[in-house]
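Below you'll find the structure, written out as structure tokens, and then a few comments.
Predicted, not measured: the structure shown is a model, and the values here were computed from it.
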10 protein chains.
Amino acid sequence: MPSQPSKTLERFSNPHPERDYVVHMDLPEFTCLCPLTGQPDFAHFMLDFIPDQHNVELKSLKLYLWSFRDEGAFHEAMTNRIADNLIHLINPRYLRLLGRWYVRGGITTDILIEHRQAGWENPHLLSQLPPVHWAQHQPGY
Amino acid sequence: MPSQPSKTLERFSNPHPERDYVVHMDLPEFTCLCPLTGQPDFAHFMLDFIPDQHNVELKSLKLYLWSFRDEGAFHEAMTNRIADNLIHLINPRYLRLLGRWYVRGGITTDILIEHRQAGWENPHLLSQLPPVHWAQHQPGY
Amino acid sequence: MPSQPSKTLERFSNPHPERDYVVHMDLPEFTCLCPLTGQPDFAHFMLDFIPDQHNVELKSLKLYLWSFRDEGAFHEAMTNRIADNLIHLINPRYLRLLGRWYVRGGITTDILIEHRQAGWENPHLLSQLPPVHWAQHQPGY
Amino acid sequence: MPSQPSKTLERFSNPHPERDYVVHMDLPEFTCLCPLTGQPDFAHFMLDFIPDQHNVELKSLKLYLWSFRDEGAFHEAMTNRIADNLIHLINPRYLRLLGRWYVRGGITTDILIEHRQAGWENPHLLSQLPPVHWAQHQPGY
Amino acid sequence: MPSQPSKTLERFSNPHPERDYVVHMDLPEFTCLCPLTGQPDFAHFMLDFIPDQHNVELKSLKLYLWSFRDEGAFHEAMTNRIADNLIHLINPRYLRLLGRWYVRGGITTDILIEHRQAGWENPHLLSQLPPVHWAQHQPGY
Amino acid sequence: MPSQPSKTLERFSNPHPERDYVVHMDLPEFTCLCPLTGQPDFAHFMLDFIPDQHNVELKSLKLYLWSFRDEGAFHEAMTNRIADNLIHLINPRYLRLLGRWYVRGGITTDILIEHRQAGWENPHLLSQLPPVHWAQHQPGY
Amino acid sequence: MPSQPSKTLERFSNPHPERDYVVHMDLPEFTCLCPLTGQPDFAHFMLDFIPDQHNVELKSLKLYLWSFRDEGAFHEAMTNRIADNLIHLINPRYLRLLGRWYVRGGITTDILIEHRQAGWENPHLLSQLPPVHWAQHQPGY
Amino acid sequence: MPSQPSKTLERFSNPHPERDYVVHMDLPEFTCLCPLTGQPDFAHFMLDFIPDQHNVELKSLKLYLWSFRDEGAFHEAMTNRIADNLIHLINPRYLRLLGRWYVRGGITTDILIEHRQAGWENPHLLSQLPPVHWAQHQPGY
Amino acid sequence: MPSQPSKTLERFSNPHPERDYVVHMDLPEFTCLCPLTGQPDFAHFMLDFIPDQHNVELKSLKLYLWSFRDEGAFHEAMTNRIADNLIHLINPRYLRLLGRWYVRGGITTDILIEHRQAGWENPHLLSQLPPVHWAQHQPGY
Amino acid sequence: MPSQPSKTLERFSNPHPERDYVVHMDLPEFTCLCPLTGQPDFAHFMLDFIPDQHNVELKSLKLYLWSFRDEGAFHEAMTNRIADNLIHLINPRYLRLLGRWYVRGGITTDILIEHRQAGWENPHLLSQLPPVHWAQHQPGY
Ligand SMILES: [Ca+2]
Ligand SMILES: [Ca+2]
Ligand SMILES: [Ca+2]
Ligand SMILES: [Ca+2]
Ligand SMILES: [Ca+2]
Ligand SMILES: [Ca+2]
Ligand SMILES: [Ca+2]
Ligand SMILES: [Ca+2]
Ligand SMILES: [Ca+2]
Ligand SMILES: [Ca+2]
Ligand SMILES: [Ca+2]
Ligand SMILES: [Ca+2]
Ligand SMILES: [Ca+2]
Ligand SMILES: [Ca+2]
Ligand SMILES: [Ca+2]
Ligand SMILES: [Ca+2]
């Protein structure tokens with residue numbers, strides 16, 4: 001049976017919960033619909049997290065992102081919703097999600113979300129996260 | 001009915017006020033008039049904010065920027081006015097606005113404004129804001 | 001009396017018509033209206049020409065570009081119209097105009113126009129024109 | 001009535017058929033389905049053409065690209081089909097289409113298509129086309 | 001049934017044999033064995049071709065490259081063999097294969113192969129092929 | 001007797017345990033199998049460590065990495081396992097391992113692991129570690 | 001009456017004294033005379049300030065810089081004098097002036113001046129000032 | 001028996017003499033002695049060739065380069081000698097050797113040698129050779 | 001009377017001792033003799049200082065640097081001597097001198113010297129000094 | 001006996017006159033005196049030649065360049081004189097000399113000289129000479 005889009009994110013047990021480590025995922029393939037006009041919107045997500053007891057399963061993440069293809073969503077709400085679903089799924093020590101949305105009305109919008117578990121900290125590891133690559137719209141260069 | 005320029009900025013409820021997150025907008029299309037000579041001025045704005053209870057609605061922001069097309073305004077006053085209107089509209093936890101004004105009289109002027117709610121702070125999130133891209137005027141290169 | 005927008009381009013006699021030489025002008029400040037929606041459009045023009053008996057007068061060019069501020073125009077027609085007006089004014093040996101129009105509908109459009117006088121050629125000089133800086137739209141980098 | 005996806009590309013009369021000029025369009029928002037697995041595919045197109053009697057209308061091009069959102073298509077066939085439809089619509093003097101398809105099976109595929117009218121040539125103008133930005137997949141840098 | 005490595009390359013009919021167009025594929029995942037020592041070798045291939053009556057099918061190409069995982073092969077012979085198999089399969093108008101082999105004995109080796117059908121030519125299209133990215137070994141930078 | 005893959009990492013006595021110093025190793029040649037599909041996976045590892053009483057022996061590290069060629073492993077588990085084996089072998093003062101896994105399902109995944117001995121610190125030396133080169137997936141540039 | 005050079009800097013009331021914001025000006029057009037030899041000197045100034053009750057008026061600044069065209073001045077004295085005049089005029093919360101003087105006697109000289117009001121501080125805003133672009137003389141590359 | 005330096009270059013039969021293809025080798029590890037002072041000299045060689053009936057065997061090339069470790073040689077003579085030995089060994093259709101010698105007496109010397117078989121030509125393939133990376137000595141940046 | 005080399009550095013009164021400011025000088029033209037062989041040595045100096053009651057006079061500095069043209073000096077001694085002479089002359093609040101000496105014996109040597117007055121400090125100003133551009137010798141790229 | 005500056009350039013027999021090959025030398029250490037003021041001048045030379053029956057001997061070239069240390073010379077005359085001396089010495093098939101003189105009077109001067117033997121040509125080899133790196137003086141960036 002071929003793959004189907006699905007809202008069901010899956011997780012697996014973190015094989016090394018005794019240690020803080022970073023998982024960085026680049027997710028350039030996302031599209032949904034504009035809730036006002038019904039026209040397609042596109043975004044490129046970047047995800048970083050430090051797992052606690054669970055990790056997100058890669059294939060389910062792909063199918064999950066696919067599942068928004070025919071849904072309407074505002075930029076802020078969608079970016080927060082994806083972050084919330086991931087946080088609810090794996091309750092990570094730290095999570096950061098950047099949503100870079102393609103230009104609309106001549107305006108480019110990026111959304112950056114950060115979450116951390118109460119009481120958790122690891123400043124040296126956080127200082128080595130990838131720099132955030134914000135959209136850099138250069139009409140006319 | 002087609003779109004019209006409008007001073008009325010609109011807002012919507014922040015779908016996730018329980019969390020600090022950054023909205024970054026690149027606004028390269030702005031023009032107004034010089035209050036002294038009546039000639040056109042151009043600017044490229046960059047906006048970052050961390051919403052509290054409200055966000056700015058994208059289309060109304062576009063129409064709002066359009067509404068200055070036939071008005072005269074000094075660089076400092078206009079940049080502050082836009083910041084003030086946004087702050088009044090959404091009362092953000094943090095807001096930063098950069099106005100990069102095109103060269104006049106051989107001089108390039110950039111204006112950087114920062115605002116934060118009394119008592120609010122989130123140093124780690126602020127440290128991940130986009131770097132400010134100041135104008136870099138290179139005559140003769 | 002302050003400056004006014006004007007369709008009247010002015011010219012002056014080329015002080016050195018005995019020689020082929022290049023004039024390169026960067027014109028980042030242009031705005032007109034979309035003829036379908038009435039909303040503002042923005043473009044950044046780049047102009048190169050090799051004069052024959054006349055050159056375009058700089059201040060009149062500024063007022064000329066200003067004069068389109070409240071007119072509707074399609075990208076292709078406007079770019080060609082500006083090129084035509086300049087060609088009609090100064091009948092240059094060579095002229096190249098690039099119009100880089102800001103993104104609309106998720107699509108960036110650039111228009112490149114070239115004109116040369118019948119019988120004129122100067123391949124070595126043309127090979128040293130500035131490279132054309134086409135728009136390079138990078139959503140999500 | 002809101003916009004709808006549509007296979008009907010529209011054209012308008014070239015306002016300046018007496019002249020060769022280049023129209024360059026950057027089209028980063030394209031998605032269709034894999035005809036074998038039904039999963040989403042993404043591509044970023046770049047289009048250059050020199051019109052003859054007609055140009056492609058921008059909004060119809062946006063709706064046309066949207067219309068493939070729920071269709072299955074092979075990379076080579078889809079890229080050629082889009083080129084064919086544009087050629088059939090406007091019969092351009094020259095057209096070049098690059099389709100950069102996102103990585104599948106660890107392999108990145110780009111397709112470059114060129115077309116020109118029998119007998120037409122303009123080597124100097126063609127030499128100023130944008131360089132082709134081929135995909136540059138760098139896993140592990 | 002899961003995928004298996006396979007020497008059987010598959011092809012499909014070129015949907016547009018009436019036209020010359022380029023297919024560019026980036027193939028960074030290749031490993032075989034050194035025929036002298038039995039130790040693993042790695043290479044990164046880049047492929048460009050202009051199809052005639054057939055194209056190579058993407059998934060079969062992936063499985064084909066996989067099939068060398070446990071075979072011994074010299075760099076020159078392997079690169080030529082892959083080129084030969086592709087040429088035999090699809091008899092392309094033009095094909096270029098670059099094999100960039102990882103450093104061995106302190107020496108980096110790249111192999112570049114070109115093939116074209118007797119009598120075929122299309123200089124303008126060939127001039128737009130991607131530049132060859134030769135290995136650039138920089139010990140000590 | 002030719003070299004054989006081997007799980008036995010070897011170590012030698014640190015010739016200068018009286019001093020903190022960094023060893024940086026770039027390990028671009030790694031392949032194993034996907035535990036779900038049996039298909040090949042590729043990764044590029046980067047290792048930094050500050051030895052205590054022992055260092056890892058280079059040739060045994062090569063044979064060790066080779067030993068996973070025919071084993072199935074999840075990205076997170078494999079990256080942690082390699083880090084664990086090295087830590088168990090040499091009990092370093094500090095160790096950092098980055099695993100950059102090639103794109104699967106349109107998603108690029110990097111894993112960053114840090115370990116340090118209880119009580120050890122050397123902030124100035126750590127501040128001079130190589131920057132982490134996270135994967136930077138750019139489909140469509 | 002045409003513009004004249006003038007030592008009279010003009011100011012206007014800061015429209016938003018309730019807020020700290022940065023004004024950045026790039027002033028690449030400055031020339032005076034060497035007080036020893038009478039030959040022309042050139043400098044490129046960069047100015048950043050955070051206004052208190054007043055701002056400097058742009059046109060008067062242009063005419064002020066012009067007024068030194070026929071005066072002799074040492075580098076250090078001139079750079080300090082301009083800073084002093086601006087500080088006296090607008091009593092800013094913060095001011096930074098960089099004078100980059102063109103090479104003389106084979107030596108390039110830059111002067112950096114900083115001033116702040118007693119008791120004023122805003123570390124976060126200062127941390128976002130443009131980096132200082134010191135002259136970088138590269139004879140022989 | 002362990003490897004030994006050796007002047008004996010070995011060759012193997014070109015597996016595909018029916019085709020012109022390029023072999024590019026980067027040879028950064030070379031040292032010999034200065035014939036005047038007996039001090040060590042270092043060079044970085046880059047080799048490109050198009051084989052005819054034979055190719056050079058990689059390991060013998062490594063041992064051959066090693067064999068000069070304790071010999072004195074002038075830059076020009078050594079570079080030509082290596083080229084000659086390779087040409088004599090494999091009689092290639094084309095061969096290019098660049099010797100980049102490290103700075104001596106404040107002077108950097110590079111030697112570029114080209115050879116081709118009488119009557120052989122393949123302009124399109126030659127146009128795709130790697131660009132020559134000449135030494136670029138930058139004392140004082 | 002023409003200029004002559006001279007060991008006599010001259011100073012002038014700091015026109016603004018009430019303020020800390022940085023003077024940055026780039027001094028690429030220096031040559032002396034090797035004290036062992038009598039052969040020429042070359043260096044490129046970079047100087048930063050914050051004056052107290054005096055500044056160094058530019059022309060005397062040029063003549064001073066010239067005065068070493070026929071003297072022998074070791075790298076470390078010469079760099080320290082220049083720093084000492086400047087410190088003795090103007091007793092600066094802060095001074096930093098970088099001497100970048102051209103390659104000798106295959107080795108590039110840079111010397112960095114720092115001095116500050118007892119009790120003086122200005123961390124914010126020091127944090128804005130130019131980064132030190134150490135020599136980066138790249139034979140063989 | 002230690003080295004002495006000397007006008008006597010020495011040559012040795014080209015070990016491979018049967019072949020055209022390029023010798024490229026980077027000569028960053030040159031100083032002479034200004035014939036008008038007696039003050040030091042500095043230059044950075046780059047030399048390329050294709051020898052015929054002789055090559056220039058490296059050490060004598062160093063001593064030759066040294067020999068101008070106390071002589072006055074105009075830029076154009078000196079650059080031509082060095083080229084002439086080399087041409088007279090070795091009668092090369094081709095020679096190119098670039099002299100990049102340090103800034104004087106705010107002006108950077110480079111001199112480029114080319115020579116070739118009557119009747120000699122080798123277009124393919126010449127097309128691979130290093131690009132000329134003209135001085136690029138950027139005061140004020
Ligand atoms: Ca970006
Ligand atoms: Ca712009
Ligand atoms: Ca700028
Ligand atoms: Ca410049
Ligand atoms: Ca652009
Ligand atoms: Ca991108
Ligand atoms: Ca790309
Ligand atoms: Ca790689
Ligand atoms: Ca490479
Ligand atoms: Ca290095
Ligand atoms: Ca990467
Ligand atoms: Ca993209
Ligand atoms: Ca500079
Ligand atoms: Ca230099
Ligand atoms: Ca180099
Ligand atoms: Ca090197």
Requested in this report: Looking only at non-hydrogen atoms, find the nearest pair between C/Cys32 and B/Arg69 and report the distance.
Outcome: O-NH2, 3.4 Å
Report task. Assess whether atom NZ of B/Lys59 is packed by more than 12 heavy atoms of other residues, nucleotides or ligands within 6.0 Å. Result -> no
Query raised in the report: At their closest point, which heavy atom of B/Gly38 faces which heavy atom of C/Trp66, and how far apart are they?
Result: O-CZ2, 3.3 Å
Requested in this report: Check whether more than 12 heavy atoms from other residues, nucleotides or ligands sit under 6.0 Å from atom CD of C/Glu121, and answer yes or no.
Outcome: no
Query raised in the report: Under 4.5 Å between any side-chain heavy atoms of B/Phe42 and C/Pro28, yes or no?
Result: no
